[in-house]
Amino acid sequence: YQSDDRSKGSKGLDKSIGNMADGGGGWDDLFAMAAGDERAAVSATAVAGTKRQHLVTSDTKKKAKKKKNKKDRHQRLNRNQPDDANNAHLERMLKSRMDISSEATRHWPAWVRPGGSLLVGASSSCPGYAGSYDASDDGNYDPRKKRMCSSCGECPLHHELVVDTSSMPTGARDTCVYDHLIVFLSNRNVRACASIALAEQRKARRREGKTEGDTGDANTNALVRAYAKAALQHVKEITSKIYSLTSGLSSGGEASILGEKCSALHRAVKAWRSFRDGVPADFDTIVRVIIASDVFYYRLYYLQLTGALPISASGAHIPHPTTYLVADRLCWDTVGGARCVRKLLKRGDCGGRIPEIVQKYSMTTPSESSSAELEHPLIVLKSNTFAQTLLLFGDWTKDVQTKKEEFAKAVKSAARNLLLQSSTSSSEDLFYSAHECPAPQVLVEWRNVSRDLICNLYAYATLSVDHLKSHPVCASAGILEVGAGTGYYAYLLQMAGIDVMPSDIANTDASMNEYHGSTPSFTRVEMGDIVKLKSDLRQFRKKSPALLLCYPPPLSTMAHDALKVFIETGGNTVVHCGEFRGLTGSSAFERLLLDRFRCVSRKPCLSWSTDASSLTVWEAVTTNNASTATDQTLIPCSNCKSKPSTKRFRLIRSLAYCSEECYKEHKSERSAHALCSMIPNDIVERASFNDEAYMMALTSRSTRSMI
């Protein structure tokens, strides 16, 4: 149920992901490029900062797009089902996406194992890993215990990943290992080299009491250069196979995208390797290797999901993010990340509010929770990302003058650009600029790759399903979800026993969705527009289901149109998940919602540091409840919780205030949010409530009058 002018609420998706990996526009352009849209192909390979090209601009282009989508859908169906065996493997893989059991998230894929040292040829290199490396190796699992190689004394992260043929069928081992699996292993090895190099720099700084700007002693710098050399060798292994890999893809667009992501990874590693002897590689350069590696991984994984890459006869496939990024030291130091979270929770500053605020960013410490606590994959990945961010950027929250200056420059630059764009840029550019979250560029890139690529494959909101299940109307009358995308939350609700009918104008199983591409849906998502919504509402009028709008796109009439139809057909309950006066919905939708409904429930979504989303439930105002319709607030003040906010804090968009008094009273909590968002507290303290560089007025035309 999306309007044809649909445009998703993620500026990072459109501007930063492609720019960060030198791939041009966002995944919406990349998905269109894969479908054969030549204009999108130009956009996807443009230089950083190029204005996004919309896919549909006229009726003629809409018809052409439909023809291309129909042709590409036929191609996808053919390659998704090359034979019954591969199709069965693919179905099992797709089903396992939702598995967050200990078996899935703590154990390595059965077809891989650690081999020799990443530093091949070094005097201290290990010929092959010896000892326990996986949580399944013993029954007494302890996430705080580091498994070490008995030969070299290093953990599995310091070793190459190699294929474990012992897990494959006898007589078929040579045919079980495809090029894309080898490429995946090499990409992981590149990421591991960068992760270890950053860890070595951190250890050296802490030994010598140096700041983040200093990278360590001569021995540490030599070791970091050795890992850069090893990473370059692994990249060369990828490039040696990328031609045969891309030539096997039936879509020329997909082949071009994957090739460009490989080139971006190569450039990132070469930039790291280019640092001369005696000149240490800086933090930003090495982090960008990890970023480029993750972008390349997600593209490989997406191609595996869509059936563009075959699944091994043994069932071996590129692991899900819930395994690759969460399993013990598979691609990063998960133990170190968990330790960072525990350390943060023990801090006694910020008025003792840190444990409470951490729960807004991460539901629990990675590797130390049951699946019941984490609920679903997005929460697992969000908690994992939070821990990894603390590990990588934790030094930024300390009193480091360099980072203070970088944040200050980012704030000033954002304010200056917004002022210039107010008279020269299009309304779309101005809209996204108004909602930017100023930060040093490498942190912006990390935040975007950590969130947007995950959301493309699952959903944009990160919330607890219990909040939806607890509402009586949702539990008894059911839900009609509009703009369901992959059907991720519809599936979770269905598994919880709630009757959900999800629909979208661009079903990912039948067409190329602008924001999720051809990611296979988690449950059946009906193809439907506003006309179908009317039909469904009339059909279920007696049952009176709730309307669910999860991250309705901005710069679009979709949310308003759906709500208007819902009201006309007698609907009573609206569930909204997203931002108000921000990156979802429209001002027309918000006015209609406030005019006809009252808020009866409000819960925050897990914060990604750049969003301001919440889950709200609204009931229609009637003659019976009009006198009790007291909560007509879209964005309550973060401090007093009752009055409507007038300004939003640009550095941490989930914070908004009704007055300068409340802003000052919220100082301790705001400092705790800054720690969770990798922002030096000095930057937060220097921000004034009346400074437009730090505070965005929630009544300004740039944020409310775009639609």
Side-chain angles (χ1 to χ4, degrees), residues 1 91-92 94-105 320 322 363-364 369-383 457-504 507-509 519-526 528 532-533 535-551 562 566 569-578 600-606 613-620:
Y1 297 112
E91 289 302 316
R92 282 195 293 271
L94 295 179
K95 187 176 181 180
S96 66
R97 283 182 294 174
M98 300 300 290
D99 185 1
I100 56 171
S101 64
S102 297
E103 182 70 27
T105 60
H320 302 302
T322 46
M363 290 191 70
T364 187
S369 313
S370 66
S371 58
E373 290 174 317
L374 292 176
E375 291 190 12
H376 57 83
L378 263 179
I379 290 182
V380 172
L381 293 169
K382 175 66 190 77
S383 298
L457 301 172
Y458 295 94
Y460 279 82
T462 310
L463 54 91
S464 171
V465 178
D466 285 339
H467 294 162
L468 280 172
K469 292 191 300 182
S470 62
H471 196 276
V473 172
C474 298
S476 60
I479 295 173
L480 287 175
E481 183 178 7
V482 173
T486 64
Y488 180 78
Y489 281 107
Y491 172 82
L492 290 172
L493 290 168
Q494 289 168 353
M495 292 299 100
I498 296 178
D499 186 13
V500 184
M501 182 181 293
S503 296
D504 198 298
N507 182 322
T508 60
D509 289 327
T519 301
S521 61
F522 292 86
T523 188
R524 180 179 176 82
V525 177
E526 297 287 341
K532 189 176 187 304
L533 174 59
S535 175
D536 290 342
L537 287 169
R538 292 192 182 101
Q539 180 182 351
F540 294 98
R541 178 177 293 178
K542 292 183 178 180
K543 197 174 181 181
S544 190
L547 173 67
L548 172 59
L549 294 167
C550 189
Y551 261 68
F566 186 67
T569 52
N572 293 315
T573 304
V574 175
V575 180
H576 175 268
C577 183
V600 296
S601 176
R602 191 188 308 271
K603 300 287 185 180
C605 295
L606 281 181
S613 56
S614 61
L615 176 68
T616 53
V617 181
W618 301 74
E619 289 183 353

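These numbers were taken from a predicted model, which means no experiment stands behind them. We're numbering straight along the sequence, starting at 1.
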- Looking only at atom types and distance, does a side-chain atom of Thr486 sit under 3.5 Å from a main-chain N or O of Phe522, one as donor and one as acceptor? no

- Message: Strictly distance-based, threshold 3.5 Å: is any side-chain N or O of Tyr489 a donor or acceptor partner for the main-chain N or O of Cys550?
- Response: no

- Just checking, any donor-acceptor pair under 3.5 angstrom between side chains of His376 and Tyr488? yes

- Task: Hey, could you give me the CD/CG distance between Glu526 and Asp509, rounded to the nearest 0.5 Å?
- Result: 11.0 Å

- Hey, does the side chain of Asn572 reach the backbone of Ala620 with a donor-acceptor pair shorter than 3.5 angstrom? no

- Gap between atom OG1 of Thr523 and atom CG of Leu492 - 0.5 Å precision: 10.0 Å

- Heavy-atom nearest pair, Val525 first then Ala484, reads CG1-CB, 4.2 Å

- Note on the structure: Rounding to 0.5 Å, atoms CG (Leu606) and OG (Ser383) come to a distance of 6.5 Å

- Only one of Asp99, Thr322, Thr105 passes side chain to side chain contact (heavy atoms under 4.5 Å, CB included) with Pro377, and that residue is Thr322

- Spacing of OG1 belonging to Thr519 relative to CZ belonging to Arg97, to within rounding of 0.5 Å: 7.5 Å

- Note on the structure: So OG1 of Thr462 and CG of Leu615: to nearest 0.5 Å the spacing works out to 12.0 Å

- Message: Testing the basics here: between Leu549 and Ala562, what is the closest heavy-atom pair and its distance to 0.1 Å?
- Response: CD2-CB, 4.3 Å

- Query: What's the spacing between Ser96 OG and Glu91 CD if we round to 0.5 Å?
  - Reply: 11.0 Å

- If you look at every heavy atom in Ala546 and Val575, which pair is closest and at what distance? CB-CG2, 4.4 Å

- Query: Is a side-chain N or O of Glu481 found less than 3.5 angstrom from the main chain of Val500, in a donor-acceptor match?
  - Reply: no

- Query: Taking all atoms of both residues into account, what is the closest heavy-atom pair of Glu375 and Leu463, and its distance?
  - Reply: OE1-O, 4.4 Å

- Query: Can you name the ring-ring contact (aromatic ring centres under 6.0 Å, His included) partners of Phe566, sequence neighbours left out?
  - Reply: none

